There are 2 protein chains.
Amino acid sequence: MDHDKSELSERKKQILKAIVHAHIEGGEPVGSKYVLENQHLTCSSATIRNEMAELENMGYLEQPHASAGRVPTERGYRFYVDSLVEHYVMTANEIAQINRLLHAKMSELDQILVEASNLAANLTNYTAIAIKPRASSVSINKFETIYLEPDHYILVAVSSTGSVKSKHLQTKQPITPETLANLSDVLNMVLTNLSADQITLPHMMKLEALLGNDAHLASDLIKAVYDLLNELDEGEVKVSGLDRLLQYPEYSDVAQLQALLGTLENKEEFLDLFSKSEGDDVSVLIGSESEVKVMNNSALVFKPITKDGKTIGAIGILGPRRMDYAKVLATLEGLTGNIADLIGSNNQLTGGKGNGGEQKDDG
Amino acid sequence: MDHDKSELSERKKQILKAIVHAHIEGGEPVGSKYVLENQHLTCSSATIRNEMAELENMGYLEQPHASAGRVPTERGYRFYVDSLVEHYVMTANEIAQINRLLHAKMSELDQILVEASNLAANLTNYTAIAIKPRASSVSINKFETIYLEPDHYILVAVSSTGSVKSKHLQTKQPITPETLANLSDVLNMVLTNLSADQITLPHMMKLEALLGNDAHLASDLIKAVYDLLNELDEGEVKVSGLDRLLQYPEYSDVAQLQALLGTLENKEEFLDLFSKSEGDDVSVLIGSESEVKVMNNSALVFKPITKDGKTIGAIGILGPRRMDYAKVLATLEGLTGNIADLIGSNNQLTGGKGNGGEQKDDG
DNA sequence: TTTTAGCACTCTTTAGCCTCGAGTGCTAAC
DNA sequence: GTTAGCACTCGAGGCTAAAGAGTGCTAAAA
């Protein structure tokens, strides 16, 4: 068997493409007769059958059972995505929806990601995922405190990625607003630009020293800062349009669907997946190509959103293996390109103005 | 037909209870023979059949088809929940798990709610929901600004419920930290303790007046405050253990499951449901008792968490109508009781303050 | 050498039919 | 009011037959 891609004749490619398209649409095995009718080929169904048999030998197609039509294999889809898929041209309406999102001018990435993934689910009719990747070593750029009551204040931290997180803190003894102001100054001096595992005993001692009379606050503070850093490190996976999965018959197997839902909820496996991707190119994982075993008859397409060379998020599409890759790829490109623009030019997130999103084309 | 609950004889109650228990466990129709064997009654199966026929006439039971056993109706479950259910005694292990949650000493309500709902899903083996209700008229108690760069700062707002939210803002012209400090003073003077619809033109004019040279910042600020208030108003619904639904055969109907998932994702209907409940008692909605039409063969049990008379959150359990109400009720009581303790005594949320930091964007 | 027509073959799907068994309702006796 | 007995109903499951879709193979044609 020669599996060289270049060995596929034009006709074979055409037939494979036709089968992939038919299978994407209907989900059923595709027979030679169907290919003949829907693809204007100048040959008979017998010839197509021969070609199909060869494509099966080469591993691009398979038969669910002896007298059924052919279904593209994982490998067939891989070849389709790599070499055969054509650029999907978005409708005016689709473009308009993306533009509408763009004009909403949201300033916070979390929100943008969720909205974008909602839209992605709507446009593609698959389930979409918004990912905020794990940040391995976030630090805090700036601390601020907010005085509420004599024994109750809020600690606010701005991370190196621009996230803002806060924690309510309570003190055993009353403190004054002035003490509090001093406290944030000290924090800014001692604990900025340190990741969780860089905070050591000397920092803590320095903190206590600088706090002077208020040294008793130190241990609670360190704990709070530590918690904040850990929260900032955590990745997030938010799923939109889960119900859309169910319209595809491949998910009518309850046990498998249950496993998939469980995995989605766990989010760890997905975060691992994303953390393994590099650069800001679209990734297409078909079936067993992803290490999430529960996704054997699913496909996951995702595109990272980068800023200044760092991955700050990603949008993914999850669906059956027979996914409309052309449309999914185009949608992700369109959306993430626009998000990058949004972040780069027209909003409040900058500081080191960004790189207006890179355009990638599929294929 | 006399439907008076008091008219149910002891034996009828016993039979109904037996059928409910059997159906909760197995999900299948229950026959007279089964009742006879598992309930030590001093009568024959024929008598039980007679009683069951009467219970059916009264509307507590129904037959899926003529030669099947009986299944409790919605009304049957309602009667069971109101009058028949016995207190479930938690195992030491279950209590230990709840206590472990308690000892985690989280300070932010959001986090507590999510963790508690995770635990609820684990303990009951149903799907759990953490709800942060819509707050109809939140106001901002305190503003704070954080200077990042000459044209980039963060606006932080502490709401009347204790939530902290922030927004990145960018200015066209550079501003100094002193300007920024003044800005937060002005905001605290003009825009605190106002809900979104109480902010009127005079406020805006006063803001501009007080800002003096920096009046050009006013419109962006008002917009940001408005956005913050709206975000604070929004309710949230977070689902845990969705995969658990699928183990119950009532959810093997794909179309219905799809509708349910869609509704869960929408969250509006659920928030409406919660907003209609009053006080801090457990609510049990069986089948069509909830107005969510998609839940006709489901049940929803939820318990609000109140603090100083205000509902600050809720935990709910969603499952099939034949839910183990005894266990679910006990679990919710145990959990929410402990959460109230957590908030009341031992943490940083006091002073009528609720919710903790939401982080926004990276970027 | 490649293509094509024809045909036998395979395998799934569906419908119909039957039996089995669970569970009931009714009647008549206790 | 309770019980034993029995006929009846209805779904589940298994078996068979027919239909249909699609293939692989062979032999002839291009």
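All chains are named by letter (A, B, ...) in the order of the sequence lines, taking the proteins before the strands, and each is independently numbered beginning at 1. Computed from a predicted model, the values in this text were never measured in an experiment.
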Discussion item. Nearest whole Å is fine: how far is D/dT2 P from B/Glu51 CD?
Written reply: 7 Å
Worksheet item: Looking at B/Tyr60, does the NZ or CZ of B/Arg75 lie under 6.0 angstrom from its six-membered ring centre and within 45 degrees of the ring axis?
Response: yes
Worksheet entry | Nearest-nucleotide pick for B/Ser67, side chain only, options being D/dC10, D/dA21, C/dT4 | D/dC10
Item to complete: Among the candidates C/dT24, D/dC10, D/dT23, find the nucleotide nearest to the side-chain atoms of A/Gln63.
Response: D/dT23
Worksheet item: Is the CD atom of B/Glu25 crowded by more than 12 outside heavy atoms at less than 6.0 Å?
Response: no
Item to complete: Consider the side chain of B/Met52, meaning its heavy atoms from C-beta on, and name the nucleotide among C/dC11, D/dT2, C/dT24 that approaches it most closely.
Response: C/dT24
Fill in: N/O (side chain, B/Arg70) to phosphate O (OP1/OP2, C/dA22) under 4.0 Å
no
Discussion item. Rounded to whole Å, please give me the gap between CD1 in B/Ile48 and C1' in C/dC26.
Written reply: 18 Å
Worksheet item: Quick one: which of C/dG25, C/dT24, D/dG24 gets closest to the side chain of B/Glu56?
Response: C/dG25
Item to complete: Consider the side chain of A/Asn50, meaning its heavy atoms from C-beta on, and name the nucleotide among C/dT4, C/dG25, D/dT23 that approaches it most closely.
Response: C/dT4
Practice prompt. Give B/Ser45 one of three labels, base, sugar-phosphate or nothing, depending on what nucleic acid heavy atoms sit under 4.0 Å from its own.
Written response: nothing
Item to complete: Starting from P on C/dC26, measure out to CG on B/Asn57 and report it in whole angstrom.
Response: 10 Å
Discussion item. Looking at A/Arg70 and A/Glu62, is any side-chain nitrogen of the basic one under 4.0 Å from a carboxylate oxygen of the acidic one?
Written reply: no
Discussion item. I want to confirm an ordering. Mapping B/Cys43 and A/Ala53 to their closest nucleotides on DNA chain D, which one lands closer to the 5' end?
Written reply: B/Cys43
Fill in: Short side-chain N/O contact to D/dG1 OP1/OP2 from B/Thr47, under 4.0 Å
no
Worksheet, complete the sentence: In whole angstroms, the gap separating P of D/dG24 from CG of A/Leu55 amounts to 12 Å
Discussion item. Output the rounded distance in Å from CD (B/Glu28) to P (C/dG23).
Written reply: 10 Å
Worksheet entry | Residue of the set A/Asp324, A/Leu318, A/Leu245 for which side-chain contact (heavy atoms from CB on, under 4.5 Å) holds with A/Tyr126 | A/Asp324
Fill in: Nucleotide nearest B/His65 when distance is taken to its side chain, options D/dG24, D/dG11, C/dT12
D/dG11
Practice prompt. Run the salt-bridge test on A/Asp82 and A/Arg78 with the 4.0 Å N-O cut-off and return the result as yes or no.
Written response: yes
Item to complete: Identify which nucleotide among D/dA4, D/dG24, C/dT24 has an atom closest to any side-chain atom of B/Ala46, counting heavy atoms from C-beta outward.
Response: D/dA4
Practice prompt. Provide, to the nearest angstrom, the distance between the NZ atom belonging to B/Lys33 and the P atom belonging to C/dG25.
Written response: 17 Å
Item to complete: Rounded to the nearest angstrom, tell me the gap between atom CD in A/Glu54 and atom C1' in C/dT2.
Response: 11 Å
Worksheet item: When you match A/Ser32 and B/Arg11 each to their closest nucleotide on DNA chain D, which lands nearer the 5' end?
Response: B/Arg11
Worksheet item: Over how many whole Å does the gap from B/Glu62 atom CD to C/dG23 atom P extend?
Response: 17 Å
Worksheet item: Of all the nucleotides listed (D/dT3, D/dT23, D/dG5), which has the minimum atom distance to the side chain of A/Arg49?
Response: D/dT23
Worksheet item: Salt bridge between B/Glu94 and B/Lys327, side-chain N to carboxylate O under 4.0 Å?
Response: yes
